[in-house]
Amino acid sequence: MAQRFYDTKTAAVRDFVPLTEGEVSLYYCGATVQGMPHVGHVRSAIVFDILIRWLEYTGLQVTSVRNVTDIDDKILEKSAASYGEDFEEDDHYPAEEPWFALAYRFEQEFARAYATLGVRRPTYEPRATGHIPEMFALIHRLVDAGHAYPATDGSGDVYFDVRSWDSYGELTRQRLEDLQDAPDAGPRGKQDPRDFALWKGAKDTDPATALWDSPWGRGRPGWHLECSAMATKYLGNHFDIHGGGLDLRFPHHENELAQSAAAGDGFAEFWLHNGMVTYEGEKMSKSVGNTISPEQMLEQARPKAVRYFLGQAHYRSQLDYRPTSLQEAQAAVERIEAFLDRGADVVAEAQLRREEAAAVAASLSGQSTGEGTEAVYVAQFSSVPTAFRAAMEDDLNVPQALAVLHDAVRAGNTALAAGDTDAVEQHYADVQAMVDVLGLDDVPESEPTQDPAAHHALDTLIRAQLDARAAAREAKDWATADRIRDTLAAAGVVVEDSAGGARWSLQ
RNA sequence: GGUGGGGUGGCCGAGAGGCGAGGCAACGGCCUGCAAAGCCGUGUACGCGGGUUCGAAUCCCGUCCCCACCUCCA
């Protein structure tokens with residue numbers, strides 16, 4: 001089986017063959033940093049994070065790019081508003097904030113949200129404002145090729161000429177004449193209302209810091225142009241995958257494709273689009289005002305559970321958020337974790353026995369020990385189950401991959417109960433490998449138990465309680481035993497009895 | 001009007017002609033001093049009406065409803 005992806009442009013699932021053997025070039029649209037991130041933004045990042053982790057797992061070297069749009073109308077508007085006389089500050093919008101300060105502040109908020117949920121940083125994270133010369137070069141090529149023209153009204157705008165490019169609409173299979181006229185389709189120096197701006201001429205209201213001198217006059221870049229310029233700078237004229245949210249297909253990605261292809265670039269081989277997060281059936285968006293922020297989710301559930309929730313559906317499906325969604329995700333995550341916790345003890349013990357046996361064998365034969373056992377362990381256990389691989393290869397079918405993961409957890413639990421160490425080791429390794437690919441083990445969690453000193457102190461204190469409880473149980477003094485368990489429970493410590501003695505964990 | 005995607009058991013969510021993915025919740029059982037965890041089992045799921053087929057959630061015809069994009073949007 002080979003890797004397959006659904007490509008929006010051809011509207012089909014196709015075999016994915018990298019342009020350069022062993023390497024993958026991926027560009028996906030990041031955010032316009034004009035406000036706080038919501039979980040829709042984060043879902044997209046998690047989807048592509050899982051994609052990258054999977055491709056790397058299969059041995060490919062991935063170069064990934066996620067842009068930051070740090071200049072656009074909304075950013076300028078919000079900054080301008082902060083200087084207004086009747087402006088009211090709030091937590092997210094202080095008064096008198098320059099546009100670049102606002103953009104950078106929200107860029108950091110996005111970075112924080114990504115990091116909290118275990119989204120690794122892309123290879124490159126370019127900002128639009130840092131790539132003005134690259135954009136000039138692209139505009140020049142388009143003007144020279146007859147696919148772009150300066151506005152006829154002296155505004156300083158430069159437009160892409162959609163009628164000059166027969167393939168316009170090929171990404172989303174739409175015909176020019178079927179498109180609704182834009183509501184603000186005023187003349188504005190366009191030859192056709194569907195032409196889009198590559199460069200926006202300076203307006204009176206634009207701050208000087210937001211303007212650049214260009215061969216077409218002072219101004220600032222158009223949104224679509226940024227992505228084309230940055231994608232090809234870091235990945236070359238022809239690259240493997242272009243991703244982004246489904247809502248970006250039109251006009252954003254259609255325009256990107258048109259301008260890049262018209263300039264003669266091969267651009268993206270595959271177009272991957274992730275589905276929207278909905279709130280009780282409706283798309284989550286700023287304009288509707290039904291957004292949930294990562295922070296709000298993190299108040300309800302652990303980061304790992306939030307990541308699991310946002311990553312659990314197929315990436316092309318719409319994902320519906322409901323008030324109980326996070327509790328459900330957390331229960332699923334904790335089931336996996338509980339097996340890994342219990343399994344780790346068994347695996348460590350088995351490992352120790354193997355090392356001892358190897359040491360004995362070595363001392364008998366007079367050879368040194370060391371990497372031998374480790375190498376055997378890695379070779380034998382570090383791969384993902386075939387069914388998991390098949391699911392991931394099939395257009396990144398994470399839900400089906402998760403079914404494989406849960407099956408392995410169940411098999412592992414059964415092996416634990418049966419005391420079948422070999423089977424526990426195998427299932428433990430499988431589960432660990434799958435969890436790694438999904439990035440679930442890469443979510444930072446600030447639990448006191450992760451600080452070794454704090455954990456040691458806590459463990460010592462709780463062990464004393466558990467020892468006392470064990471003694472009470474031995475004496476069949478259930479009242480005392482239960483009181484100790486209740487006390488620990490009230491402190492947030494969950495006690496589980498097992499054949500090997502009591503285990504504790506934080507709630 | 002155009003384009004794309006959907007309607008699956010209490011909820012989420014895969015699948016796409018033939019053994020009821022998986023998770024969460026519920027119920028029963030095993031285990032347990034009691035729990036918890038875990039394991040086993042239970043539910044007559046595929047919007048509606050027709051049709052094709054030995055067999056349809058999956059194919060065909062009809063029909064209803066929902067979502068997204070066509071303006072900024074992950």
Side-chain angles (χ1 to χ4, degrees), chain A residues 8 11 28-32 34-35 37-48 66 69 72-74 77 110 169 171-185 194 223 243-252 254 273-278 281-288 291 308-309 312-314 316-322 324-325 327-336 338-339 341-342 387 391 394 397-407 409-410 412-414 416-418 473 476-478 481-482 485-486 489 494-499 502-503 505:
Chain A
T8 302
Y28 73 100
C29 287
T32 298
Q34 50 118 342
H38 64 254
V39 295
H41 298 116
V42 178
R43 179 194 185 185
S44 185
I46 288 173
V47 161
F48 288 102
R66 181 185 61 218
T69 296
D72 92 319
D73 291 350
K74 282 240 169 75
E77 274 169 30
F110 272 84
L171 179 66
T172 53
R173 290 170 298 287
Q174 300 188 88
R175 297 184 307 171
L176 266 184
E177 51 269 34
D178 288 336
L179 296 178
Q180 277 179 2
D181 287 342
D184 66 337
R194 288 154 296 207
W223 176 40
L246 201 57
D247 51 355
L248 295 182
R249 273 180 320 173
F250 194 94
H252 185 50
E254 190 71 70
H273 290 102
N274 64 275
M276 301 291 100
V277 180
T278 56
E282 240 191 319
K283 179 186 166 188
M284 214 177 259
S285 72
K286 283 252 159 69
S287 45
V288 179
T291 61
Y308 182 95
F309 167 67
Q312 69 177 338
H314 185 98
R316 285 196 280 131
S317 296
Q318 186 169 290
L319 173 65
D320 197 35
Y321 170 80
R322 276 165 197 282
T324 55
S325 299
Q327 277 62 46
E328 291 165 13
Q330 183 149 314
V333 163
E334 286 177 351
R335 177 180 151 77
I336 297 165
F339 165 67
D341 280 350
R342 289 188 297 264
D394 183 15
N397 194 332
V398 171
Q400 213 155 59
L402 281 172
V404 178
L405 171 60
H406 280 109
D407 284 345
V409 167
R410 180 178 306 104
N413 280 327
T414 301
L416 277 171
R473 293 182 71 208
K476 299 205 189 301
D477 179 1
W478 310 127
D482 290 349
R485 187 169 63 194
D486 290 347
V494 180
V495 176
E496 292 176 20
D497 292 325
S498 71
R503 298 174 54 92
S505 58

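Side chains included, hydrogens not; waters and symmetry mates left out as well; all remaining heavy atoms used. In the text below, chain A, chain B and the rest are named by the order of the sequence lines, each starting its count at 1.
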By the 4.0 Å heavy-atom rule, please label A:Val495 as base, sugar-phosphate, or nothing.
base

Picking from B:rC70, B:rA74, B:rA14, which would you name as closest to the side chain of A:Asn397?
B:rA14

With heavy atoms under 4.0 Å as the rule, sort A:Ala417 into base, sugar-phosphate or nothing.
nothing

Measure the distance from NE2 on A:His252 to P on B:rC69 and round it to the nearest whole Å.
15 Å

Tell me whether the OP1 or OP2 atom of B:rA74 has a side-chain N or O from A:His41 closer than 4.0 Å.
yes

Quick one, A:Tyr28 and A:Asn274 - any side-chain contact, counting heavy atoms below 4.5 Å?
no

A:Asp247, nearest nucleotide to its side chain (from B:rC70, B:rA74, B:rC40):
B:rA74

Check: A:Thr324/A:Glu328 side-chain N/O donor and acceptor closer than 3.5 Å:
yes

Which nucleotide, B:rG38, B:rC72, B:rC11, lies nearest any side-chain atom of A:Pro251?
B:rC72

Nearest-angstrom distance from the residue atom CG of A:Leu319 to C1' of B:rC67
14 Å

Just checking A:Gly169: base, sugar-phosphate only, or nothing, at a heavy-atom cut-off of under 4.0 Å?
nothing

Atom CG of A:Asn413 and atom P of B:rC39 are separated, to the nearest Å, by 4 Å

Below the 4.0 Å mark, does B:rG5 have OP1 or OP2 next to a side-chain nitrogen or oxygen of A:Arg249?
no

Strictly by Watson-Crick or wobble contacts shorter than 3.5 Å, is anything paired with B:rA74, and which nucleotide is it?
none

Return the nearest nucleotide to the side chain of A:Ala332; candidates are B:rG2, B:rA36, B:rG23.
B:rG23

Distance between the C1' atoms of B:rA21 and B:rG13, in whole angstroms?
10 Å

What nucleic acid atoms does A:Asp407 come within less than 4.0 Å of, heavy atoms only: base, sugar-phosphate, or nothing?
sugar-phosphate

Pairwise side-chain contact, A:His273 with A:Asp247, heavy-atom cut-off 4.5 Å (strictly under)
no

For a quick check of understanding: with a heavy-atom distance under 4.0 Å over all strands, which category does A:Gly40 fall into, base, sugar-phosphate or nothing?
base

What integer distance in Å separates A:His406:NE2 from B:rA14:P?
15 Å

Given B:rG33, B:rC72, B:rA74, identify the nucleotide with an atom nearest to the side chain of A:Lys74.
B:rC72

Mind checking if A:Val277 touches a base, just sugar-phosphate, or nothing, with heavy atoms under 4.0 Å?
base

In whole angstrom, give me the gap between the P atoms of B:rA68 and B:rU52.
38 Å

Between B:rU8 and B:rG43, how far apart are the C1' atoms? Round to whole Å, please.
15 Å

Using a cut-off of strictly less than 4.0 Å, decide whether A:Arg316 has a side-chain nitrogen or oxygen near OP1 or OP2 of B:rG4.
no

So, for A:Arg43 and A:Gly275, which heavy atoms are closest and what is the spacing to 0.1 Å?
NH1-O, 2.9 Å

Select one nucleotide: of B:rC34, B:rG15, B:rG38, the one nearest the side-chain heavy atoms of A:Arg485.
B:rC34

When you compare B:rG1 with B:rG10, how far apart are their P atoms, in angstrom units rounded to a whole number?
35 Å

Residues A:Asp320 and A:Arg322 bridged, charged N to O under 4.0 Å:
yes

Respond yes when some side-chain nitrogen or oxygen of A:Ser317 is under 4.0 Å from OP1 or OP2 of B:rA14, and no when none is.
yes

Identify whether any heavy atom of A:Leu248 sits under 4.0 Å from a base atom; if not, whether one sits that close to sugar-phosphate; answer base, sugar-phosphate or nothing.
sugar-phosphate

Looking only at side-chain atoms of A:Asp497, point me to the closest of B:rC67, B:rA35, B:rG2.
B:rA35

What nucleic acid atoms does A:His273 come within less than 4.0 Å of, heavy atoms only: base, sugar-phosphate, or nothing?
nothing

Whole-Å distance, A:Asp320 CG to B:rG7 C1', equals 13 Å

How about A:Thr32 and A:Gln34: does a side-chain donor come under 3.5 Å of a side-chain acceptor?
no

Return whichever of A:Thr278 or A:Arg175 has its heavy-atom-nearest nucleotide of RNA chain B closer to the 5' end.
A:Arg175

Pair assignment for B:rG28, Watson-Crick or G-U wobble, requiring both distances under 3.5 Å:
B:rC40

Taking any heavy-atom pair under 4.0 Å as a contact, classify A:Gly275: base, sugar-phosphate, or nothing.
base

A:Gln174 near the nucleic acid: base, sugar-phosphate alone, or nothing, with a heavy-atom cut-off under 4.0 Å?
base

Pairwise P distance, B:rG18 and B:rC59 [rounded to whole Å]:
11 Å

Measure CD/A:Glu254 against P/B:rU71 and give the value in whole Å, please.
12 Å

Do A:Leu319 and A:Met276 come close enough that some side-chain heavy atom pair is under 4.5 Å?
no

Roughly how many Å apart are B:rA45 and B:rC12, using the C1' atom of each and rounding to a whole number?
14 Å

Atom-pair distance (CG on A:Asp477; C1' on B:rG33), nearest Å
12 Å

Quick one: on RNA chain B, does A:Ser285 or A:Thr414 contact a more 5' nucleotide (nearest heavy atom)?
A:Thr414

Would you measure the distance from the P atom in B:rG49 across to the matching atom in B:rA56 and give it in whole Å?
15 Å

Considering every strand and a 4.0 Å limit on heavy-atom distances, what is the contact class for A:Ala338: base, sugar-phosphate, or nothing?
nothing

A:Trp478 has a side chain; which of B:rG23, B:rC70, B:rG33 sits nearest to it?
B:rG33

Does the A:His41 side chain pair with the main chain of A:His38, one donor and one acceptor, at a distance under 3.5 Å?
yes

Out of B:rC24, B:rC11, B:rA35, whichever nucleotide has its closest atom nearest the side chain of A:Arg322
B:rC11

P-based separation of B:rG41 from B:rC34 [nearest Å]
24 Å

Nearest to side-chain heavy atoms of A:Gln312, which nucleotide of B:rG15, B:rC12, B:rC40
B:rC12

Between A:Asp497 and A:Arg503, does at least one N-O distance fall below 4.0 Å, as a salt bridge requires?
no

What's the NZ-P distance between A:Lys283 and B:rA74, to the nearest Å?
8 Å

